[in-house]
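Chain naming here is simple, since letters A, B, ... match the order of the sequence lines and numbering starts at 1 in each. Since we're looking at a predicted model, the values are computed, not measured.
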Amino acid sequence: MTNLPPSGTGADLPPHRYNAALAQEIELRWQDRWDAEGTFEAPNPAGPLADADRLADRPKRFVLDMFPYPSGAGLHVGHPLGYIGTDVYGRFRRMMGENVLHSIGYDAFGLPAEQYAIDTGTHPRVRTEQNIEIMRRQLRRLGLAHDQRRSVATTDEAYYRWTQWIFLQIYNAWYDETKGQARPVAELEAELASGSRPTPDGRPWSQLSRTEQRALIDSHRLVYLSEAPVNWCPGLGTVLANEEVTADGRSDRGNYPVFKKRMRQWMMRITAYADRLLDDLDALDWPESIKTMQRNWIGRSHGANVSFASPAGAIRVFTTRPDTLFGATFMVLSPEHPMVGELTTADQAEAVAAYQREAAAKKDVDRQDESREKTGVFTGSYATNPVTGTEIPVWIADYVLMGYGTGAIMAVPSGDQRDFEFARRFGLPIVATQMPPDAWFEGHGTTPSVSCDTWPEAYVGEGTYVNSANDSLMLDGERTMVEAVALISAWLERNGVGEATITFRLRDWLFARQRYWGEPFPILWDDNDMPVAVPDHLLPVLLPPLEDFKPVAADPDDATSEPELPLGRVKEWAELTLDLGDGPRRYKRDLNVMPQWAGSCWYELRYLDPTNTQAFVDAEVERYWMGPQGNGHPGGVDLYVGGVEHAVLHLLYARFWHKVLFDLGHLSSWEPYHRLFNQGYIQAYAYTDGRGLNVEASEVIENPPGVWTHNGEPVTRVYGKMGKSLKNIVTPDEMCATYGADTLRLYEMSMGPFDASRPWSTRDVVGMSRFLQRVWRLFVDEETGRFQVVDAGVDGGADPATLAALHRTIAGVSADYDGLRFNTAVSKLIELVNHLTKADEPMVRSVAEPLTVMLSPLVPHLAEELWQRLGHTTTISYEPFPVADASLLVADTVEYAVQVKGKVRSRITVPADADDATVEAAALADDKIVDLLAGAAPRRVIVVKGSMVNIVP
RNA sequence: GCCCGGGUGGCGGAAUGGCAGACGCGGCGGACUCAAAAUCCGCUGUCCGAAAGGGCGUGUGGGUUCGACUCCCACCCCGGGCACCA
């Protein structure tokens, strides 16, 4: 695919030039040696990976990349950007004396391997293992300092044994609201049995049948069965979590339509943790944008529940604005609301049923189209507004969603734009509860009026309360919204018709998938059709071999289709006889598998202790690597780098599992990822021909600039993701072949800020290649191969300018590495090397050694090679990073720019220790400045220490 | 519509409120070469000028300041997220 010859090839080249062939030889040699010596194996404080000598008293640092999916297509140059960044950072911190844990594993269950298997007939395991091998080889070629012993895959039986174990921990736990934490269900059962906790209907525990007891316990579990509308995706043959459905109602994988369908499904009670998932964000060092996305997704709203009496009983609504209750002139129920049937009167029955049918047939996409006009139907019934006593009509409309709040609203058309539109459409009364400010009327070109007839839209905001009083409650007058809400909430509670409450947008996590390639549920069904956990000693529940793992192909648009579970086809696996302490009995296995997110919810913990067979992670090992670092610190990974696309999926689920495990006493940290950094993406240009088809990007020629042709045909340039379909893939393999891994690493780090997306440009890579050639030439004579670094004389050897440049570089590069500013670190190193090259005299050891150490995080193979040639026998990886000598950072003299009215007009050089008055005098004495001022006395002179003088004439 | 990012040479990008354009690519000129490639050296924001030098320049328009890419206000454009959430 490459159209470049390896760099530095040609007939009469200097024999010892640093070119692709030499780089390759050096790189492969050092990669072998690192493996052989276990150079990057990080010692644990306990267990099989313990090594007290190597642990010493070094501070720990856990650096983590987001768990990659081993794609069948192999890596392109965009994939390793983050891995190289964490590698540079990890190598730097190791040189700062820290015990750095950095590894990478494979999130290998999931839909892509299964879809590929369906397309090709290859078993997903075969394909997955091949892909992992390919990816391991590609990553190894980049020289990443990973601890290979810790590289796990979610598909390993020894791994998913613990995924299933954690699932059962969650299954066997309930959320104790009073304590605000999860506890084992055994404790719940003990409380119920002892009577310290009453049963819902008040009967003593012992009088409940065993089935009733189990049902009661099951209803509390953090993993539970729910009969509710779920996201059914016929195209994938499985149900999906809310987080896996895009805003336009399609699956995030495969982009198939998704339908709401009532089904019995396994859920995880993530909503129990909504408050903590929200509040604990404050303790995390994450980009504010990601925190905001999680906050929005959780969507905590403060408000009140209010009951409206109706012929069918109390209708409960949730509102964030109970203070506007006096303006509630009608109610709206979701078409799916369970009370609709009973509320509908005979003469409205037909219209209501028709509307319900219509709503049910709509895809979420259509239903969420905000621009369309409001629709709805009157049920024929009336409810009573609890504060006014007025009878108000009850409608159904699809702008009210069953999935949020109570599925019913009180409509306050004067204070809510949606209700306003609905009221106008159907001629329902609109009563103001607040008088908008005059400016609001002015802004709408009308005159202030308490009658809403002239209002062009609802008013939302602070305003004087009107029409809001009854015999026992008075809101009218000047008061803030907060105050009014408090007053009416208290009134509602006093009168038993409502109370202040909090509602979340977050829904429980639909956890089951009707697929093959995932962790089987460790759940059995007994002959009472009740679920039973597989006992620990029978884990893992292995995924059975299956010849035909295809889901039954359903029409992606057929909302009426039903899931068919592939595991159900393995009859001899799906049923079994087992003695769980009450004699041998027949059980059926649960046939669901877990979603792909399961394995990635805890993988960082397994990196810590990958070989442990007694526990998913040893407590001491977890405390060492993940434990809280002081007051208020939640613990967790020290640096977590990955793409922004996991903002609400993986990152929310993993936090949830981590918190459950913390509550159950298995972890010392209560957040998995303390510091999160989103790296940018590498994008690439692609080219389309006259027919709009993509042509092979590497064959496109640009000449003249801005004009592109492919085989002589003009093509147009577009910008997008690197991928097969755009025919613009560049692989790390071809870059390693053309230049070497060190050049590729350096180029990726130099392209731009770590968190910014940028376009790949193969043409630009040569710049980094030239730089490394200059570095090489400083050490090695290209013609003879002679090592030409000289040992320093008595005075240290380096001239003052070089010494100053070196220490300036040390200071700058340390700060840049630490701040993940790799691009500017690279340019500072280039500046230093350019300075040394221009000096045109042999480099002294006292410069060569710190330079080599500074280069090593970026170009570790080359640095190891130079380090060895400098006479060292051990790896450079643990050499201390140089420290800048502050005394060398200040020069004897310093140049000041002299500005007149903010424009640089001259330059002066003064002693570094000159005071402001001296600098000012020198500036005013400068010939050019004297000319410019033409004898006039300056009105003002500003001296900026060490930098510039600004003269205001 | 709401919430986040972001607009700097031909391109990627750099600049604690203090000399805009570091560093790299590309381009131009030169060295080496029979020649080319590779490599090395010099120049390279833009306009005027032979040069010295000067004018203009960080999306647009205002403002604060001795001084603004940087801070404030309004707007335009691009990317991302959310979106009938009561």
- Among B:rG24, B:rC41, B:rC82, the one nearest any side-chain atom of A:Asp764 is B:rG24
- Phosphate oxygens OP1/OP2 of B:rU39: is one of them under 4.0 Å from a side-chain N or O of A:Arg770? yes
- Item | Chi-based syn or anti call at B:rG49, which uses purine or pyrimidine torsion atoms and a 90° bound | anti
- Note on the structure: Residue set satisfying salt bridge (charged side-chain N to carboxylate O under 4.0 Å, His left out) with A:Arg905, at least two apart, ordered chain then number -> none
- Rounded to the nearest angstrom, tell me the gap between atom CZ in A:Arg777 and atom C1' in B:rC41. 12 Å
- Query: Base, sugar-phosphate, or nothing: which does A:Lys838 touch, judged by heavy atoms less than 4.0 Å apart?
  - Reply: sugar-phosphate
- Item | Runs of at least three consecutive pairs that involve RNA chain B, where pairs are Watson-Crick or G-U with distances under 3.5 Å | B:1-7 with B:76-82, B:10-12 with B:23-25, B:26-31 with B:39-44, B:45-48 with B:53-56, B:59-63 with B:71-75
- Task: Round to the nearest Å and state the distance from A:Phe420 atom CZ to B:rG1 atom P.
- Result: 19 Å
- Task: May I ask you to check whether A:Asp816 and A:Thr824 show a side-chain donor-acceptor distance below 3.5 Å?
- Result: yes
- A:Gln679 side-chain N/O to A:Asp755 backbone N/O, donor-acceptor pair under 3.5 Å: no
- Query: Side chain of A:Ser301: nearest nucleotide among B:rA86, B:rG10, B:rG13?
  - Reply: B:rA86
- Message: Does A:Arg17 qualify as a cation-pi partner of A:Trp776, given the criterion of NZ or CZ under 6.0 Å from the six-membered ring centre and within 45 degrees of its axis?
- Response: no
- Task: Return the value, rounded to whole Å, for the distance between atom CZ of A:Arg758 and atom C1' of B:rG13.
- Result: 10 Å
- Query: Looking for any heavy atom pair under 4.0 Å, which part of the strands does A:Thr406 touch: base, sugar-phosphate only, or nothing?
  - Reply: nothing
- Side-chain atoms of A:Tyr399 come closest, of B:rU39, B:rC84, B:rG13, to B:rC84
- NA contact type, A:Pro753, heavy-atom cut-off 4.0 Å: base, sugar-phosphate, or nothing? sugar-phosphate
- Query: Mind checking whether A:Tyr404 and A:Phe318 have parallel, tilted or perpendicular rings, split at 30° and 60°?
  - Reply: perpendicular
- Query: Can you tell me how far P of B:rC82 sits from CG of A:Leu506, to the nearest Å?
  - Reply: 14 Å
N/O-N/O pairs, protein side and nucleotides 18-23 of chain B side, under 3.5 Å:
from	atom 1	to	atom 2	distance (Å)
B:rG18	O2'	A:Ser947	OG	2.8
B:rG18	N2	A:Asn950	ND2	3.4
B:rC19	O2	A:Arg907	NH1	2.4
B:rC19	O2	A:Arg907	NH2	2.6
B:rC19	N3	A:Arg907	NH1	3.0
B:rA22	O2'	A:Glu831	OE2	3.0

- Is A:Arg425 near enough to B:rC84 that one of its side-chain N or O atoms lies under 4.0 angstrom from OP1 or OP2? no
- NZ or CZ of A:Lys374 within 45° of A:Tyr399 ring axis and under 6.0 Å: yes
- Could you give the CZ-to-P distance, from A:Arg17 to B:rC32, as a whole number of Å? 16 Å
- Would you find a donor on one side and an acceptor on the other, under 3.5 Å apart, between the side chain of A:Arg758 and the backbone of A:Ala756? yes
- Looking at the side chain of A:Asp398, which of B:rC84, B:rG13, B:rG81 is the nearest nucleotide? B:rC84
- Query: Side chain of A:Arg505: nearest nucleotide among B:rA86, B:rC84, B:rC82?
  - Reply: B:rC82
- Query: What is the distance from CE of A:Met293 to P of B:rG5, rounded to the nearest Å?
  - Reply: 13 Å
- Task: Please name the residue in the list A:Val949, A:Val904, A:Ile929 that meets the side chain to side chain contact (heavy atoms under 4.5 Å, CB included) test with A:Gln899.
- Result: A:Val904
- Message: Distance check, rounded to the nearest 0.5 Å: A:Tyr459 atom OH versus A:Thr433 atom OG1?
- Response: 10.5 Å
- Row check, A:Tyr685 ring normal vs A:Arg717 NZ/CZ: under 6.0 Å, within 45°: yes
- What is the distance, rounded to the nearest whole Å, between atom NE2 of A:His646 and atom P of B:rG81? 13 Å
- Between A:Glu288 and A:Phe771, whichever has its closest RNA chain B nucleotide further toward 5' is A:Glu288
